[in-house]
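As a basis for the values below, the full set of heavy atoms in this structure was taken, side chains included, without hydrogen atoms, waters or symmetry mates. Proteins get letters first, then strands, A, B, ... in listed order; numbering begins at 1 in each. This structure is a prediction, so every number in the text was calculated from the model and none was measured.
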Amino acid sequence: MAERATDEPPVLRTARSLLGRIVGHGGVTVRLTEVEAYAGVADPGSHAFRGPTRRNAVMFGPPGHLYVYFTYGMHHCMNVVLSPEGEASAVLLRAGAVVDGLATARSRRGRSSDRDLARGPARMTKCLAIDLSHNGSTIGSTGAGFVLGPAVAVDADSIRCGPRVGLSGPGGDGTAYPWRFWIDGEPSVSAYRPAKPRRRG
DNA sequence: CTGGTGATGATCT
DNA sequence: GATCATCACCAGT
């Protein structure tokens with residue numbers, strides 16, 4: 001069957017539904033203000049695009065788990081996998097506002113304004129003390145201390161979408177699919193800075 | 001605000 | 001060996 005523009009990957013709905021939800025770990029709680037959807041093996045921007053590897057294995061697994069990866073030699077990013085097993089979709093948690101554990105968050109993030117504490121995917125994992133040891137852990141488990149809680153009300157009219165951040169390559173730059181979602185007017189939403197190809201020095 | 005760049009290592013081909 | 005779902009810090013407008 002031909003695809004229609006109105007057919008959107010189910011993970012987009014999941015992504016939007018995560019805005020406003022509470023995430024708590026390591027003594028810090030944030031309210032999600034920005035997320036990004038990655039739609040399985042058909043999505044050239046996704047880690048799952050080239051098929052299963054050891055790194056992305058959690059994406060191909062059952063829903064209800066965290067996919068955490070390490071990048072740029074120093075940063076962690078966290079995703080939630082809520083799609084059916086084998087679909088390999090995930091939602092990157094890009095930014096949030098700290099609503100509890102402010103002192104702990106500040107101490108983890110060093111010199112940073114409060115608005116920047118969890119403003120960006122790597123800042124958020126540092127704020128919440130999430131690292132590779134949490135890859136594959138169950139969402140909501142008390143063992144790992146990770147909790148995906150209820151939503152604080154979000155006005156549907158305030159949800160925006162736009163290009164995904166940091167992607168490059170054939171068929172995969174950020175503007176190909178506007179699958180980054182955020183709450184309009186939230187100070188903690190990360191600034192969009194287009195990816196630029198760079199050479200190593 | 002914008003734009004440039006160094007840091008730093010796991011992962012994949 | 002190249003790439004990377006980034007950030008902190010700097011200088012300029």
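Separating the NE2 atom of H47(A) from the P atom of dA10(B) is a distance of 16 Å, rounded to the nearest angstrom.
Regarding contacts with the backbone of dT6(C), every side-chain N or O of T71(A) stays at 4.0 angstrom or more from both OP1 and OP2.
Every residue two or more places apart in sequence or in another chain that forms a side chain to side chain contact (heavy atoms under 4.5 Å, CB included) with A105(A) is listed here: V28(A), V98(A), L117(A), C127(A). For R109(A), the side-chain hydrogen bond (donor to acceptor under 3.5 Å, both in side chains) criterion is met by no residue, not counting sequence neighbours. Every residue two or more places apart in sequence or in another chain was checked for a salt bridge (charged side-chain N to carboxylate O under 4.0 Å, His left out) with D100(A), and none qualifies. Applying the salt bridge (charged side-chain N to carboxylate O under 4.0 Å, His left out) criterion to R106(A), with sequence neighbours excluded, gives D114(A). Residues satisfying the ring-ring contact (aromatic ring centres under 6.0 Å, His included) test with F70(A), not counting sequence neighbours, are H76(A). Every residue meeting the side chain to side chain contact (heavy atoms under 4.5 Å, CB included) condition with S133(A), not counting sequence neighbours, appears here in chain and number order: D131(A).
Side-chain contacts under 4.5 Å among hydrophobic residues (ILVMFWY), followed directly or transitively, place V152(A) together with I22(A), V99(A).
For residues 61-74 of chain A, the set of pairs meeting the side chain to side chain donor-acceptor pair (under 3.5 Å) definition, not counting sequence neighbours, comprises H47(A)-Y67(A).
DNA chain C lies under 4.0 Å from at least one heavy atom of each of the following residues of residues 87-101 of chain A: L92(A), R94(A). Residues from residues 109-129 of chain A lying near DNA chain C, meaning a heavy-atom separation below 4.0 Å, are R109(A), R111(A), G120(A), P121(A), A122(A), R123(A) in numerical order.
One can find a donor-acceptor pair under 3.5 Å joining the base of dA5(C) and the side-chain atoms of Y69(A).
Of the charged side-chain nitrogens involved, at least one lies within less than 4.0 Å of a carboxylate oxygen, so that R94(A) and E36(A) count as a salt-bridged pair.
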Under 3.5 Å donor-acceptor pairs involving side-chain atoms of residues 181-189 of chain A, not counting sequence neighbours:
{"residue": "D184(A)", "atom": "OD2", "partner": "R160(A)", "partner atom": "NH2", "Å": "3.3"}
{"residue": "E186(A)", "atom": "OE2", "partner": "R31(A)", "partner atom": "NH1", "Å": "3.4"}
{"residue": "S188(A)", "atom": "OG", "partner": "T33(A)", "partner atom": "OG1", "Å": "2.9"}

Strand DNA chain C as a dot-bracket string - pairs counted if Watson-Crick or G-U with both distances under 3.5 Å, | where the partner lies in another strand
||||.|||||||.
